[in-house]
Amino acid sequence: MKLTKSFVFLIIALCLALPASVFAKPITINWWHAMRSARGEIVETMIQEFNASQSEYKVVGTNKGNYDETMNAGVAAFRAKKQPHMLQVFEVGTQTMMMSGAVYPVYKLMKDSGFDVDWSRYLQAVLSYYMNADGNLMSMPFNSSTPIMYYNVDMFKKAGIAPLSKTEPITWDELGEITKKIVSANIASAGMVTAWQSWTQIENYSAIHNIPFASKANGYEGLDCELEINNPMVVNHITRLKSWADDNRFMYGGQKYQGPKSEFIAQNVAVYIDSISGIAKLKKAVKDFKWDAAPLPVEANTKKLQNSIIGGASIWVLNGHSDAEYKGVATFLKFLSSNKMQEYWHKETGYFPITIDAYESLKSKGYYDKNPLQEVGIHQLNRAIPTKISRGLRLGYFVQIRNIINEELEQVWNGKKSPQEAMDSAAARSNIQLRTFEKTYE
């Protein structure tokens, strides 16, 4: 077919009339994250949906290993001036990121990019962990979790124990009686196991009972804070767990989650304390017994229960990029906060939907009527307005501090230290880390 000159000129004129953006390559936005395996696939699905929803930006997600490796990769890249636009950092890296000078605060990013975000419509117990002293959000919550208690329903039934409430917690004394019945009847070789022992048995235990983990409002009000985990309540709690370890009501399964989860799946224990993100894993792994979930236990004499605190990670925006790129970052973060994405993330992983709108949307659709397991953590997290103590922890070198606490707890479980000695040592050793951090960033 021979094209006439007039037709060619018409095509050229139409092309010239189109905006330049039609022919421009999309702006690339790099996101380094720590999500692997099934969660990594879910993250990639969310990224691809964003990329397909518009043509101006292209988000590229890259897994950089586990949480420690991802954070270290981001720090190294920033020093080399090759940083990504977004970096997923676990909650214990919050203080380090805030003090790094490498961050474009999320509250400012969204405002500068023209997004009017109603932060009151986000889960406040989640936001509070990532806010600065002025109440401004520094990073965008992403995979937010809290610990709950899983239990083997079949074992409970065999021991004559009724199913537990999904909203009202039992006491630690009651859990002691439950695990005693199960072990005494040889239903399981041990009563309970816990993952992430510092997070679940000291950090969250303290928050729920409104006990300071550290001075200066858990570090929110000053770098010159000190650990206070050697207080009577925490020491008594660890003493109780040690006595349970001696008669098999408690089993130490390792510092992280792999060992404890395996013990529960193998039906070596009846109770397993871990993150709400364990829901998805257990649904896939458990085939031969029925299990359920309940809130974390509490002390019998507690007059007012506080919220539990979160774990997981948030998305930090790094300095050093153009305004056009930051508009793309803000657009993507807004997209991740949409009901559709938050509902998908919550359903597939067990992590919280971070907005009240997404939660209410799921509730109105009857999702929690069919999946009550996934509301246990939400009820526990939102049962009280966070106090200065229960809003979270803001400590420098928190990764190292958790390692110290884990080491000292292991000394208790193997009988080498008393709970008081171990907690005194954990506080003293951690305070050295805090002073080093203070000198570095003062």
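None of these values were measured; they are calculated from a predicted model. Positions are given from 1 along the sequence.
Interatomic distance, OG1 of Thr167 versus NE2 of His379, reported as 6.5 Å (0.5 Å rounding). The CD1 atom of Ile27 sits 10.5 Å away from the OG atom of Ser55 when rounded to the nearest 0.5 Å. Taking CD1 from Ile310 and CG from Leu123, the interatomic distance works out to 9.5 Å, rounded to the nearest 0.5 Å. To the nearest 0.5 Å, the span separating CD1 on Ile404 from CZ on Arg429 amounts to 4.5 Å. Note that CD of Gln400 and CD1 of Ile432 are 13.0 Å apart. Values are rounded to the nearest 0.5 Å. Distance OH/Tyr252 to OG1/Thr194: 10.0 Å, rounded to 0.5 Å.
Aromatic ring orientation, Phe264 versus Tyr150: tilted (interplanar angle from 30° to 60°). Ring pair Tyr351/Trp345 is parallel by interplanar angle, where below 30° counts as parallel and above 60° as perpendicular.
Distance alone, capped at 3.5 Å, is enough to place a donor-acceptor pair between the Thr179 side chain and the Gly176 backbone. Put simply, the side chain of Arg383 never gets that close to the backbone of Glu168: no donor and acceptor are under 3.5 Å apart. A side-chain donor-acceptor contact under 3.5 Å links Asn319 to the backbone of Gly101. Distance alone, capped at 3.5 Å, places no donor-acceptor pair between the Asn371 side chain and the Leu373 backbone. Distance alone, capped at 3.5 Å, places no donor-acceptor pair between the Asn382 side chain and the Ala125 backbone. Within the 3.5 Å criterion, the main-chain N or O of Asn66 finds a donor-acceptor partner in the side chain of Glu69. Listed for the Gln54 side chain is a donor-acceptor partner under 3.5 Å among the backbone atoms of Phe50. Between the Thr355 side chain and the Ala358 main chain, a donor and an acceptor come within less than 3.5 Å of each other. Using a distance-only test at 3.5 Å, with no hydrogens or angles considered, no donor-acceptor pair links the side chain of Asp134 to the main chain of Asn136. Judged by distance alone, the side chain of Asn63 and the main-chain N or O of Met35 form a donor-acceptor pair under 3.5 Å.
When only modelled atom types and interatomic distance are considered, Gln374 and Tyr367 share a side-chain donor-acceptor pair under 3.5 Å. Counting only N and O atoms by type, the side chains of Asn143 and Gln88 include a donor and acceptor under 3.5 Å apart. Between the side chains of Asn132 and Tyr107, no donor N or O sits under 3.5 Å from an acceptor N or O.
A heavy-atom distance below 4.5 Å is found between the side chains of Gln201 and Ile273. Between Lys327 and Glu56 the shortest side-chain heavy-atom distance does not fall below 4.5 Å. Contact check for Asn51 versus Val59: side-chain heavy atoms found under the 4.5 Å cut-off. Within the 4.5 Å cutoff, the side chain of Leu296 has no heavy atoms near those of the Pro169 side chain. Side-chain contact between Leu395 and Asn218: absent, with no pair of heavy atoms (C-beta onward) separated by less than 4.5 Å. Side-chain contact between Tyr122 and Val117 is present, with heavy atoms from C-beta onward closer than 4.5 Å. At least one side-chain heavy atom of Ile265 sits under 4.5 Å from a side-chain heavy atom of Val286. Side-chain contact check for Met97 versus Ser139: every heavy-atom pair is 4.5 Å or farther apart.
Leu362 and Pro353 make their closest contact through CD1-CG, 4.5 Å (heavy atoms, listed as atom of the first residue, atom of the second, distance). Across every non-hydrogen atom of Leu305 and Ala384, the tightest pair is O-CB, 3.6 Å. The two atoms that bring Leu109 and Tyr326 nearest to each other are CD1-O, 3.6 Å, heavy atoms only. Nearest heavy atoms, Tyr272 versus Ala195: CE1-CB, 4.3 Å. Of all the heavy atoms in Ala293 and Val376, the pair that sits closest is O-CG2, 4.0 Å. Taking each heavy atom of Met138 and Met98 in turn, the nearest pair found is CG-CE, 3.5 Å.
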Let me see the working for Val234 and Phe213 under side chain to side chain contact (heavy atoms under 4.5 Å, CB included), right down to the final yes or no. CA-CA 9 Å; Val234 169; Phe213 184 89; over 6 Å; no

Show the numbers, then the answer: is there a side chain to side chain contact (heavy atoms under 4.5 Å, CB included) between Gln342 and His346? CA-CA 6 Å; Gln342 285 302 306; His346 178 55; over 6 Å; no

Full working for side chain to side chain contact (heavy atoms under 4.5 Å, CB included) between Gln197 and Trp413: CA-CA 12 Å; Gln197 56 183 356; Trp413 311 144; 2.9 Å; yes

Under the side chain to side chain contact (heavy atoms under 4.5 Å, CB included) rule, what do Glu91 and Tyr130 come out as? Steps first, then yes or no, please. CA-CA 8 Å; Glu91 87 282 12; Tyr130 301 114; 3.6 Å; yes

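For an aromatic pair to be called close, the ring centres must be under 6.0 Å apart, and Trp31 with Phe142 satisfies this. Between Tyr359 and Phe352, the distance separating the two ring centers is not shorter than 6.0 angstrom. A centroid separation of 6.0 Å or more is found between the aromatic rings of Phe332 and Tyr57.
Heavy-atom neighbours of Asp323 CG from other residues, nucleotides or ligands within 6.0 Å: at or below the threshold of 12. Counting heavy-atom neighbours within 6.0 Å of Lys108 NZ, excluding the residue itself, gives a total of 12 or less.
Among pairs with a residue in residues 289-309, those fulfilling side-chain hydrogen bond (donor to acceptor under 3.5 Å, both in side chains) read Thr146-Ser308, Lys166-Asp292, Tyr205-Glu299, Arg240-Glu299, Lys304-Gln306, Gln306-Ser390, Asn307-Ser390, Ser308-Gln380, at least two apart in sequence or across chains.
No salt bridge links Lys363 with Glu360; every basic N to acidic carboxylate O contact stays at or beyond 4.0 Å.
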